[in-house]
There are 2 protein chains.
Amino acid sequence: MPVTSSRTTLIEVAKLAGTSKTSVSRFFGPERERLTPKLQTRIAEAANTLGYQPNLMARGLKGGGSRLLGMLVADIRNPFSVAVVHGVEQAARASGYSLIVCNTDNDPKQEQQHLRLLSAYQVEGLIINASGQPEAQLQAIRRSGVPLVLLDRDIHQLDAAVIGLDNALAIDMALEHLMEQGYRSILYASESPDYASARQERLQRFTQQTATLGINGQTLILNNALDHTQTLNAFARRSVSAPGAVLCANGNITLTMTRIFQKQGIAIGPTGLMGIDELAWCELITPGITTLAQPTNDIGQAAVSCLLNQLNGLAQTSPTRHRHAPRLQVRGSTTP
Amino acid sequence: MPVTSSRTTLIEVAKLAGTSKTSVSRFFGPERERLTPKLQTRIAEAANTLGYQPNLMARGLKGGGSRLLGMLVADIRNPFSVAVVHGVEQAARASGYSLIVCNTDNDPKQEQQHLRLLSAYQVEGLIINASGQPEAQLQAIRRSGVPLVLLDRDIHQLDAAVIGLDNALAIDMALEHLMEQGYRSILYASESPDYASARQERLQRFTQQTATLGINGQTLILNNALDHTQTLNAFARRSVSAPGAVLCANGNITLTMTRIFQKQGIAIGPTGLMGIDELAWCELITPGITTLAQPTNDIGQAAVSCLLNQLNGLAQTSPTRHRHAPRLQVRGSTTP
DNA sequence: AACCAAAATGGGAACGTTCCCAGTTTGTTT
DNA sequence: AAACAAACTGGGAACGTTCCCATTTTGGTT
C-alpha cells in the first residue's frame, strides 16, 4: 500500500521554524533578501529537515505565474526539431522557466488537443511549430494575454513573430554553391508545400531564382502514393552529358533521396546531392553529403528571448521575423 | 499592451448557465453522466460561448490529481531516447495523462534540479532514464507516494521497476548471428559502463558468454581522451586471416565506429560491423549495417502501464523487471 | 394522492500558495 | 531619551477547483 504521507507544506515549515507562512513564502520567492540572515538560516534548516518542496500548482494558481513555457512540435522524431527543442530548453532554464513539450505527429487534431492542454496548464508563453492552421485557437490564446512565437512555420492571419531559417538565403546559397561546382541543372525535391510556410518559401525562391538566373531548374513534389524512382533515374541519365544535382528541401527528403540513389545505383557526385538540414550520417555516406546546417541553438534561443521580451512588455511594435542564416557544410556529394 | 482579459472561470460559466459551480465541475470531470441531459447542454453552451478552459493548476491543487506524468531523459538527442519518449507520450495520452519531458544532458546536477521541478509540479508518476545515481532523492519521492519506473538504467538500492531491453538476450543474439556468419573473433566496443546498468549488463554478458562458448572475444572501452584508430586498424588487419567483427554497444558507438571504418578505409563486411540500436542511416551505409532494434514503442508503453498499475494500487508485490527482446535486422555488414 | 427511495443539484470548506496591508522591531537623528 | 523613518514580520483574503454533505427534485409504489 502506498504510504501517502502527504507532502509537507509551507505552514509546517513555518511552524517548525517558529515563524509565519509569509516569511517562508518570501524565503522561496524573489524576496529572500528582505529576511534577516538569522531567520533565513532558521527557515533553511526547517525546510531541509522536512524535505520541503514548494507546490508549483498552488503558486501558479495564486497569480504568481506558473514559470512554465509550452512548446508544440510537429514531429519529435525529426532530428531538426529535437535540436531546436534542446536549444529552447537550455535557454528557458537559463531564464528560470521550465518547458512542457508536446508532440503533434503532424496531426491538426492532436494539435488542437495539445493547445487546449497547454493553456489549461497556464503556460506563460507558447512556442509553436504548427502542423495545421489553428488560427482561431491561437488568436484566442493571444487575446488572453499569453505571448506566442511561431517556429519555422507561419500561420495566416495571425500576426505573431516567426522564427526560423532564412529560407531565401538558404536557397541562394545552395544555388550558388551548386553552380560554382559546375552543375548545370538542378532538381529541387520537396514535400507538398501546402501547409508549411517554410516549404512554400523555399520552393518559391527556387523557382524564382532559377528563372531569374537562367538556371535549368525543375521541381519534384514528393508524394507517398507515387514512385519517384523513374524521375530520378531519368535525371541521373541526363547528368552524364551535363551534370545535374538534386537539392533536398529538408532532412527527410535527403534521407529519401539517398535511399533512391543507393537502390538505383546512381553515383553520388556525378549526380550531385545536397540537402537542407545537417544530419549525423551525412558525413558517413560516401563521399559525404553537402548540407546547409540550420543554427538550431540560435533559433531556440531566439524563440525564448522573443517570448520573454513580450512577457516583460518590451513587445516589438510589430511582429518581427527572425531569419537565421544557414551554415554551408561542403562534402563530396557536390563534386561532379 | 496585453489585454490581460483574465481567463474565464468555472463560476462565470455557472452563472451564465444558471446553475452552480459544482454542476459545472461535474460536467468537466468524470461524473458528467450524473447530470440531466438538459443541464449538460446548457453548460456546454455556456462554456462554449465563454471559451472556458478548466484551470488544471487549481484542479491539481485540490487533490484532484494533476494528470501529469514526468519523464527524465538522459540525452534527448539520442534517437533511441526520442523513440521511447514518443512511445511513452502516446501511451500516456491514451490514458488521459500528459507528459512533461526533461532532458538532463547526462548531467547529475541537472538531473537533481529537474527532479525537484517535476515533484514540484505534483506529477502523479515518474519515468526515469537516469544520468547519475540520485537514490536519496528518488527514495524521498517514492516515500511521498509517487510511483516510479526506471528506464534502461537501474539505480542501486532503489527497489523500483526497471524497464528496458533484455540485455543478455541481445548479446546472445548478436553472438549467435556473428558466429553463424563465420566470424571467429569479436571486438565489443562500449562506453565506460560505470554509471549505466545496461552497459554493465551487456558488457558482462559479453565477457561471460565468449568465455563459456570459447569465442575469441575482446573488449574496447571508448574514452574521449584516447584515439582508438590504432586498435581498430590492428583488429582489421588480423581479420584478413580469420574474419573478425566489431559489436557496438549502442547507437552512438555504431556512429563512432562507422566513422573510424570509413576514415581508415576498413572494408565493412570482411571486417564485420554490428550495432545495438536501429538508426535511420544504418541501411544507407554500404553494404548496410546489421542491427538489433529495440522495441521502443513497447518499452514506452510498458513504462506507462507499469506506472498506472502502481497508481491504481495494483502494485506488483515486488519490483519487477520488464525485459524486452530486440529484433534482429540483418544487413550486409555481417557477411565476411 | 401520499409516500419513499433514488437521483440530481447546490452551498461551503479546503487545497497550498502569494500578496496586501497592518503591526512590530530596529536604527538614526535631534 | 524621545521621535521618527526604515526595515522587517505576520495575519488574512484570494486564486479556481474538487469533494463532502445537505437539500431539492423526480418517479415509481401503494
Side-chain angles (χ1 to χ4, degrees), chain A residues 4-43 46-47 50-68 117 119-124 144-145, chain B residues 4-43 46-47 50-68 117 119-124 144-145:
Chain A
T4 48
S5 73
S6 63
R7 225 169 270 277
T8 58
T9 79
L10 204 56
I11 301 200
E12 305 178 65
V13 176
K15 217 174 294 175
L16 180 61
T19 179
S20 73
K21 53 184 167 49
T22 307
S23 296
V24 180
S25 171
R26 288 207 174 98
F27 180 80
F28 286 101
E31 298 184 287
R32 176 179 300 193
E33 292 316 315
R34 284 180 48 177
L35 266 36
T36 299
K38 204 175 52 178
L39 222 201
Q40 285 190 33
T41 54
R42 232 177 340 136
I43 293 178
L50 291 178
Y52 170 70
Q53 304 276 25
N55 181 332
L56 293 194
M57 292 274 168
R59 174 180 295 177
L61 182 55
K62 184 57 176 69
S66 62
R67 303 304 272 173
L68 271 184
L117 180 89
S119 77
Y121 275 114
Q122 315 285 104
V123 294
E124 296 186 40
S144 77
Chain B
T4 49
S5 72
S6 62
R7 225 169 268 280
T8 57
T9 79
L10 204 57
I11 301 199
E12 304 177 65
V13 176
K15 216 175 292 174
L16 181 60
T19 178
S20 73
K21 54 184 166 48
T22 307
S23 296
V24 180
S25 171
R26 290 208 173 96
F27 181 81
F28 286 100
E31 298 184 285
R32 176 177 302 192
E33 293 315 315
R34 284 180 49 177
L35 266 37
T36 298
K38 204 174 53 180
L39 223 200
Q40 286 191 33
T41 53
R42 236 184 329 144
I43 294 178
L50 291 177
Y52 169 70
Q53 304 276 25
N55 181 332
L56 293 196
M57 292 276 169
R59 175 180 296 179
L61 183 55
K62 184 54 176 67
S66 62
R67 305 303 275 174
L68 271 183
L117 179 88
S119 76
Y121 276 114
Q122 315 285 106
V123 294
E124 296 186 41
S144 77

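Chain A is the first sequence line, chain B the second, and so forth, proteins listed ahead of strands; every chain is numbered from 1.
Nucleotide C/dA8 holds its C1' atom 12 Å from the CD atom of B/Gln40, rounded to whole Å. Remark: C1' of D/dT17 and CZ of B/Arg67 are 15 Å apart, rounded to the nearest angstrom. Per the geometry, CE belonging to A/Met57 stands 24 Å off P belonging to D/dA14, to the nearest Å. As rounded to whole Å, 12 Å separates atom C1' of D/dC8 from atom NZ of A/Lys38. Summarising the geometry, the separation between CG on A/Leu10 and P on D/dC15 is reported as 19 Å, rounded to the nearest angstrom. Between the CZ atom of B/Arg7 and the P atom of D/dA14 there is a distance of 22 Å, rounded to whole Å. Atom NZ of B/Lys21 and atom C1' of C/dA14 are 11 Å apart (whole Å). To the nearest angstrom, P of D/dT9 lies 20 Å from NZ of A/Lys15.
Between B/Pro54 and B/Arg59 the shortest heavy-atom distance is CB-NH2, 4.0 Å. B/Thr8 and B/Glu12 make their closest contact through CA-OE2, 3.3 Å (heavy atoms, listed as atom of the first residue, atom of the second, distance).
For the atom pair B/Ser66 OG and A/Leu56 CG, the distance stands at 11.5 Å (nearest 0.5 Å).
If you find the closest nucleotide of DNA chain C to B/Ala58 and to B/Ser20, the one lying nearer the 5' end belongs to B/Ser20. Two residues, B/Lys62 and B/Leu39, neighbour DNA chain C, and the one matched to the more 5' nucleotide by heavy-atom proximity is B/Leu39.
B/Thr9 comes within 4.0 angstrom of the backbone, heavy atoms only, and of no base. Using a 4.0 Å heavy-atom criterion, one finds that B/Ser23 contacts the sugar-phosphate atoms exclusively. Residue-level contact check: B/Leu56 touches neither bases nor backbone, having no heavy atom under 4.0 Å from any strand.
For residues 24-37 of chain B, proximity to DNA chain C is found at B/Arg26, B/Arg34, B/Leu35, B/Thr36, defined as any non-hydrogen atom under 4.0 angstrom from a strand atom.
Contact annotation: A/Tyr121 side-chain N/O to D/dG16 OP1/OP2 distance is not under 4.0 Å. Contact annotation: B/Thr19 reaches the phosphate of C/dG10 (side-chain N/O to OP1 or OP2, under 4.0 Å).
Within the 4.5 Å cutoff, the side chain of B/Gln53 has no heavy atoms near those of the A/Tyr121 side chain.
A/Thr36 pairs by the side chain to side chain contact (heavy atoms under 4.5 Å, CB included) definition with A/Lys38, A/Leu39, not counting sequence neighbours.
The backbone N or O of B/Leu61 sits nowhere less than 3.5 Å from a side-chain atom of B/Gln122 that would complete a donor-acceptor pair.
Candidate nucleotides C/dG10, C/dG16, D/dG12 were compared by shortest atom distance to the side chain of A/Leu61, and C/dG16 ranks first. Of the candidates D/dT17, C/dT17, C/dC19, D/dT17 carries the atom nearest the B/Arg59 side chain, counting heavy atoms from C-beta on.
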Donor-acceptor contacts under 3.5 Å from residues 17-29 of chain A side chains, at least two apart:
| from | atom 1 | to | atom 2 | distance (Å) |
| --- | --- | --- | --- | --- |
| A/Ser20 | OG | A/Thr22 | N | 3.4 |
| A/Ser20 | OG | A/Ser23 | N | 3.4 |

